[in-house]
Amino acid sequence: MNQIFFLFLMVVMFMLGIPVVISLGLTSVLMMYVRGGIKWATIVQQMIGGLNTFTLLAVPMFLLAGKLMNSSGTTDRLFDFAKKLVGWLPGGLAHVNIVSSIIFAGMSGTAVSDASGLGIIEIRAMNQAGFDKEFSASVTAASSTVGPIIPPSLPLVVYGTISGASVGALFMAGILPGILMAVTMMAVAFLYAVIKHYPREAFPSLKEIGIAFKEGFLPLMAPVIILVGIYTGVYTPTESAAIVVFYSLILGVFVYRELTLKDLYGILVDSVMDASTIGILVGAATLFGMCMVRALIPQTILGLVTESVTGKVQLLLIVNVFLLVVGMFMETTSAITILTPILIPLLTAFDVNLVQFGIIMVLNLMIGVLSPPFGLVLFVTSRIGEVPVQRLAKALLPWIAALLVALALITFIPEISLIIPRALGLSV
C-alpha cells in the first residue's frame, strides 16, 4: 500500500492549492528517494524526453491558429454564415451559437478559445435579440465543449502523445461524437424556444445564403485543409497545424487586413505562454509516469480494480463517474497528463479501445469545465456574459444533462467514435 500513499499525497497537495507542476514534481522526487535515491540526471532526461515529441509541436501551432482566427474578424464571418444556415429555426440564435462552435472547432481546438472568442459575439447578439442572459451564457458555455472533440483538438493531441494512440485516428474519431453533442444540445435549445417563445431569424433567401457563404468561405476552408490533408496522407496532424497557422496569418494580414504587427506580437506572446504551461505539465507528467511505473502503482491499482470489477461495462461506468468528478476540480490538460498513464493498464486489461477512450475522457473533462467549483469555461462565460457564477451553473444543468446523454451513447456504442477512422483505414 506504500504505492497508494504517493497518490494520496499528490491529491492532498492539490487540495492545499499547490500548483499541479510542483505537486507532480515533489511526488516524483519523493518516490525516487524512497526507492533508492534522487537521480537529478534522470529527472532532467525524463522531463525533456517527454517534450521531445514531434506530435506535441501541434499544441503551440493550434493555439496560435485559434488566436489568429479570433483576432482577424474570422469569427464574425463564421457567425453570420451560421445565422443564415440555422437562424430560422425556433430559438434561432441558440442554434447559430451551437453550429458556430462546430465550425470554429475546426480551427481552435480548445473550449476556452471558443467561449472567449465566439462567445462575446454570440452573447451580445442573443441578448440584443431578446434572449435571457442566463440562457445566452449557458448555451455559449455548453456549445464550447464541442471544440476539443471535433478536430483539431489540443486535449486529444496531449492524450495521443501520452497514450500512444494515433492522433490522426483520434481526430477522425471525434467527428461523429462532436456532431452528436451538437444534436443533443440543439434539442434542448428547441425545447427552450418552444416553451419560452424565443425569437427566430427570418428565413434567408438563396442570395443571402450565397453572400454569407462567400464571406465565410475562406475561414471554412481551415478545417477542410486539416482533415483532407490528414486523410490523404499529404501531411501529419502536426504539420497540418503549421499549415493552418500560415493560412490564418494570410487571412488576417493580407485578405481581411485586420491584424497589425502589434497584434501579432501580442498573439505570439499569449501563445508562447499558453504553450509553455502545457509543455511543463507534460514534462512533469512524464517524470511522474516513469516514477509510477517503477513504483508499480499502475499494477497495484489494476490488481485492486480487477478484484471488484467484473467486466468492461462496469469499468467504464466507474471510470466515467471518476472522470466527471476529476473534471470539476482539475484543468483538462493536467488531468489527461496525470491520469492517462494510470488508466492505460486498466483499459488494456478490459480490452477498451484507446482511441474510443480518448473521446470519452475528453468529453468527461469538458463536462467538468462547465461545473463548479473550478470549471474554467464556467468562469470565462460568467465574466463575458455578465451572469453570476451561481446562476449560470444552475442554467447549465439542462445542457449538462444533454451532454451526459451523448456521453452515454459514445461510451456504450463504440462505433460512434470508431466508424470513421476504421473506414479511412487508420490505426485504431
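Side-chain atoms are counted along with the backbone in the values below, which use heavy atoms only and exclude waters and symmetry mates.
- Lys207 NZ to Lys84 NZ: the interatomic distance, rounded to the nearest 0.5 Å, is 12.5 Å.
- Side chains of Pro219 and Phe81 form no contact here, defined as non-hydrogen atoms less than 4.5 Å apart.
- The closest donor-acceptor contact from the side chain of Ser144 to the backbone of Ala141 lies under 3.5 Å.
- Note that CG of Leu426 and CZ of Phe171 are 12.0 Å apart. Values are rounded to the nearest 0.5 Å.
- Scored by the side-chain contact (heavy atoms from CB on, under 4.5 Å) test, Met126 finds Leu93, Ala94, Asn97, Phe131, Phe135, Ser136, Val139 as partners (sequence neighbours excluded).
- Counting only distance, with no hydrogens or angles, the side chain of Lys312 and the backbone of Asp351 share a donor-acceptor pair below 3.5 Å.
- A 4.5 Å side-chain heavy-atom check between Leu403 and Met366 finds every atom pair outside the cut-off.
- In this structure Phe203 satisfies the side-chain contact (heavy atoms from CB on, under 4.5 Å) test together with Trp88, sequence neighbours excluded.
- For Met13, the side-chain contact (heavy atoms from CB on, under 4.5 Å) criterion is met by Leu9, Ile18, Ser23, Leu26, Thr27, not counting sequence neighbours.
- With rounding to the nearest 0.5 angstrom, the CE atom of Met186 is 14.0 Å from the CE atom of Met181.
- Annotation: side-chain contact (heavy atoms from CB on, under 4.5 Å) contacts of Arg422 (sequence neighbours excluded): Asn353, Glu415, Leu418, Val428.
- When all heavy atoms of Leu392 and Ser382 are compared, the pair lying nearest together is CD2-N, 3.6 Å.
- Residues in residues 402-428 take part in no ring pair (Phe, Tyr, Trp, His ring centres under 6.0 Å) pair, two or more places apart or across chains.
- Glu201 meets the side chain to side chain donor-acceptor pair (under 3.5 Å) test with no other residue; sequence neighbours excluded.
- Residue pairs meeting the side chain to side chain donor-acceptor pair (under 3.5 Å) criterion with at least one partner in residues 257-270, sequence neighbours excluded, are Thr260-Asp263.
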Please test Met61 against Val244 for side-chain contact (heavy atoms from CB on, under 4.5 Å), starting from the C-alpha separation and ending with a verdict. CA-CA 8 Å; Met61 293 297 178; Val244 170; over 6 Å; no
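- Distance check: Leu176 CG to Ile149 CD1 gives 12.5 Å after rounding to the nearest 0.5 Å.
- Considering only residues two or more places apart in sequence or on other chains, Phe246 meets the ring pair (Phe, Tyr, Trp, His ring centres under 6.0 Å) condition with none of them.
- Here the closest heavy-atom approach between residue Leu343 and residue Leu323 is recorded as CD1-CD2, 4.3 Å.
- Minimum heavy-atom separation, Ala142 to Thr145: O-OG1, 2.6 Å.
- Summarising the local packing, OH of Tyr256 is surrounded by more than 12 heavy atoms from other residues, nucleotides or ligands at distances under 6.0 Å.
- With a 4.5 Å cut-off on side-chain heavy atoms, Ile400 and Ser371 count as touching.
- Using a 4.5 Å heavy-atom cutoff, the side chains of Leu407 and Leu404 are in contact.
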Show, in sequence, the C-alpha distance, side-chain angles and deciding distance for Leu170 and Val362, and conclude whether the side-chain contact (heavy atoms from CB on, under 4.5 Å) test is met. CA-CA 11 Å; Leu170 286 165; Val362 173; over 6 Å; no
Val309/Leu346 under side-chain contact (heavy atoms from CB on, under 4.5 Å): CA gap, chis, key distance, verdict: CA-CA 10 Å; Val309 174; Leu346 284 173; over 6 Å; no
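- What you find for Met185 and Val146 is that their closest heavy atoms are CE-CG2, 3.6 Å.
- Considering every non-hydrogen atom in both Phe79 and Ser100, the closest pair reads CD1-OG, 3.6 Å.
- Thr161 OG1 to Leu156 CG: the interatomic distance, rounded to the nearest 0.5 Å, is 10.5 Å.
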Checking Ser101 against Glu122 for the side-chain contact (heavy atoms from CB on, under 4.5 Å) test, could you report, in this order, the C-alpha distance in whole Å, the side-chain angles of both residues, the deciding distance, and whether it holds? CA-CA 10 Å; Ser101 294; Glu122 293 165 339; 4.2 Å; yes
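- With a 4.5 Å cut-off on side-chain heavy atoms, Phe190 and His95 count as touching.
- For Arg391, the side chain to side chain donor-acceptor pair (under 3.5 Å) test picks out Glu134, with sequence neighbours left out.
- The stretch residues 163-186 participates, sequence neighbours left out, in no side chain to side chain donor-acceptor pair (under 3.5 Å) pair at all.
- Residues satisfying the side chain to side chain donor-acceptor pair (under 3.5 Å) test with Tyr198, not counting sequence neighbours, are Asp132.
- Residues Ser417 and Pro177 are in side-chain contact: their nearest non-hydrogen atoms beyond the backbone lie under 4.5 Å apart.
- Of the possible polar contacts, none joining the Thr381 side chain to the Leu378 backbone as a donor-acceptor pair under 3.5 Å is found.
- The structure places CE of Met221 at 11.0 Å from CG of Leu251, a figure rounded to the nearest 0.5 Å.
- Residues Leu68 and Val245 are in side-chain contact: their nearest non-hydrogen atoms beyond the backbone lie under 4.5 Å apart.
- Side-chain atoms of Leu154 and Val158, non-hydrogen and from C-beta on, never get closer than 4.5 Å to each other.
- Looking at residues two or more places apart in sequence or on another chain, you find a side chain to side chain donor-acceptor pair (under 3.5 Å) between Ser138 and Trp399.
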